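Here's the structure, in structure tokens; my notes come after.
The residues of the chain are indexed from 1 along the displayed sequence. Quick note: numbers below take in every heavy atom, side chains included, and nothing from hydrogens, waters or symmetry partners. Predicted model only: the values in this text are computed from it and were never measured.
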Amino acid sequence: MAFTISSTKIGNVLVLLDGKIFIGPDWHYLIISLSQILIGTLLFVFYTNIVTAARVFAGVFGILTLTCIALCGIADPGISPKEPPPPLDAPPRPAKYFTVRYVNRDGDSSEYQIESKWCYSCNNYRPFRGVHCRFCDVCVCRRDHHCPWTGICVGGRNYLRYFCMIWCCFVLTLVAFIGGIHSFVRKMGRCSNNVFLCALTDTYCLEFILILLALFWAFLVGSLSFYHTYLICKNATSGDKSKRNSGETFNSGSVISNIKASLCFKADDELYTETLEDAVIDEVTVVNL
């Protein structure tokens, strides 16, 4: 009996095993990301480094980073279903609006009306805080950005995995940098003359290269980690920060509530849907986000 895997395609995203696995259009970048982390971690742990504690920590966080990036890369980011095209003589679809209550910078409670546009590519109304991704060719709930290194969009349903991934990667690169310097200095202490050159050639310059790469990635991923930590404390996305109210539109005023809304999006899906349906109003003029 031939073994087959059920698959379908939504936009440019391949869906396998009845919606259990999602493969984005940039899946090859996901493979590159996994390969780079795996090779770098293996070299650090088993070849270049001589500090036992650093090797253990790097091994643990290397596994965690690989797991998180793989889980993020195959997860549903919150894709909205596509519908068949309407008849050619179908009337234009008007936008829908719903009201969001938020806490502004002064600490006062305010209301703001959000527009839900009709997506002519998906033939459906865009989901709550949804954006149509031109790479994935789908609308994604609470879309933060399209991440080529995970191969797919980062949205409401895989944001927690993404957040864990960048923090694990930051710790991994920080351990590789600090542990690499410690190991390099210890090797210099073993040499009698030309200590720097001796330590450099001990691993054919690989250890020094890993230290420089770790410093570079620690700075980039660290900045990203702290930036997204700030965003979840405001219940904002990367896209929100470029819109009205500087991303404060969905701020509940409570850091705990904001973190829960950002990282536990699945629990709030029904709430968002009901809010959208119940708050639809007609002939209201608003400023788009």
Side-chain angles (χ1 to χ4, degrees), residues 1-35 37 63-86 93 96 98 116-166 168 228 232 235 237-239 259-277:
M1 179 182 294
F3 177 74
T4 58
I5 298 177
S6 60
S7 65
T8 186
K9 203 165 187 181
I10 305 176
N12 295 327
V13 179
L14 182 65
V15 183
L16 304 173
L17 301 177
D18 297 323
K20 294 182 176 63
I21 296 177
F22 290 73
I23 306 297
D26 293 324
W27 59 268
H28 46 288
Y29 285 110
L30 173 62
I31 301 299
I32 293 174
S33 301
L34 293 169
S35 301
I37 295 170
I63 293 173
L64 290 175
T65 303
L66 289 169
T67 302
C68 289
I69 193 173
L71 291 176
C72 182
I74 63 173
D76 175 17
I79 294 175
S80 179
K82 283 178 172 283
E83 299 293 339
R93 300 282 183 161
K96 294 182 179 182
F98 63 102
S116 175
K117 296 180 180 179
W118 177 265
C119 180
Y120 287 94
S121 295
C122 297
N123 300 303
N124 210 338
Y125 281 101
R126 292 178 181 175
F128 183 79
R129 302 175 74 178
V131 176
H132 186 87
C133 176
R134 63 189 178 94
F135 302 103
C136 296
D137 191 28
V138 291
C139 285
V140 179
C141 301
R142 200 185 183 277
R143 180 181 179 270
D144 190 272
H145 67 285
H146 180 85
C147 179
W149 299 110
T150 61
I152 200 167
C153 275
V154 175
R157 295 195 180 114
N158 66 348
Y159 187 76
L160 174 60
R161 303 181 185 194
Y162 174 80
F163 186 71
C164 293
M165 178 199 76
I166 57 178
C168 287
H228 278 276
I232 68 171
N235 189 18
T237 66
S238 299
I259 292 174
K260 181 180 178 181
S262 298
L263 300 183
C264 304
F265 183 81
K266 280 188 175 182
D268 295 331
D269 278 351
E270 293 182 1
L271 173 63
Y272 290 147
T273 303
E274 291 172 1
T275 304
L276 176 62
E277 293 174 351

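- At distances below 3.5 Å, not a single donor-acceptor pair connects side-chain atoms of S116 with backbone N or O atoms of Y125.
- Qualifying salt bridge (charged side-chain N to carboxylate O under 4.0 Å, His left out) partners for D26, counting only residues two or more places apart in sequence or in other chains: none.
- With sequence neighbours left out, the side chain to side chain donor-acceptor pair (under 3.5 Å) criterion links N158 to no other residue.
- With rounding to the nearest 0.5 angstrom, the CH2 atom of W27 is 14.5 Å from the OG1 atom of T150.
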Below 3.5 Å, can you tabulate the donor-acceptor pairs from side chains in residues 69-81 to any protein atom, sequence neighbours excluded?
from	atom 1	to	atom 2	distance (Å)
D76	OD1	G78	N	2.9
D76	OD1	I79	N	3.0
D76	OD2	R157	NH1	3.4

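- Proximity of a side-chain donor or acceptor of D144 to a complementary backbone N or O of S238 within less than 3.5 Å is detected.
- Residues satisfying the side chain to side chain contact (heavy atoms under 4.5 Å, CB included) test with I232, not counting sequence neighbours, are Y159, F163, I259, S262, L263.
- Contact record, R129 with N235: NH2-O, 3.2 Å, taken as the closest heavy-atom pair.
- The number of heavy atoms from other shown groups lying within 6.0 Å of CH2 (W118) is above 12.
- Closest of all the heavy-atom pairs between V13 and C136 is CG2-CB, 3.8 Å.
- The side chain to side chain donor-acceptor pair (under 3.5 Å) check on D137 picks up H132, with sequence neighbours excluded.
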- Message: Does K82 form a side chain to side chain contact (heavy atoms under 4.5 Å, CB included) with C122? I'd like the steps, not just the answer.
- Response: CA-CA 4 Å; K82 283 178 172 283; C122 297; 3.7 Å; yes
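- C168 and L64 get closest at one heavy-atom pair: SG-CB, 3.9 Å.
- Contact annotation: the side chain of V131 never approaches that of V140 to less than 4.5 Å [non-hydrogen atoms, C-beta and beyond].
- A donor-acceptor contact shorter than 3.5 Å is absent between the side chain of K117 and the backbone of R126.
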- From CA spacing to verdict: side chain to side chain contact (heavy atoms under 4.5 Å, CB included), T237, R143: CA-CA 7 Å; T237 66; R143 180 181 179 270; over 6 Å; no
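- Not counting sequence neighbours, R134 has no partner by the side chain to side chain contact (heavy atoms under 4.5 Å, CB included) test.
- In this structure, the separation between CG on L34 and CH2 on W149 is 11.5 Å, given to the nearest 0.5 Å.
- Rounding to the nearest 0.5 Å places SG of C119 at 8.5 Å from CG of N124.
- When every heavy atom of P86 is checked against every heavy atom of N123, the shortest pair comes out as CD-OD1, 3.3 Å.
- Nearest heavy atom pair, residue P148 against residue Y29, reads O-CB, 2.9 Å.
- In this structure, CG in L30 is found 9.5 Å from CD1 in I152, a value given to the nearest 0.5 Å.
- Classification of the H228-H145 ring pair by plane angle, with boundaries at 30° and 60°, yields tilted.
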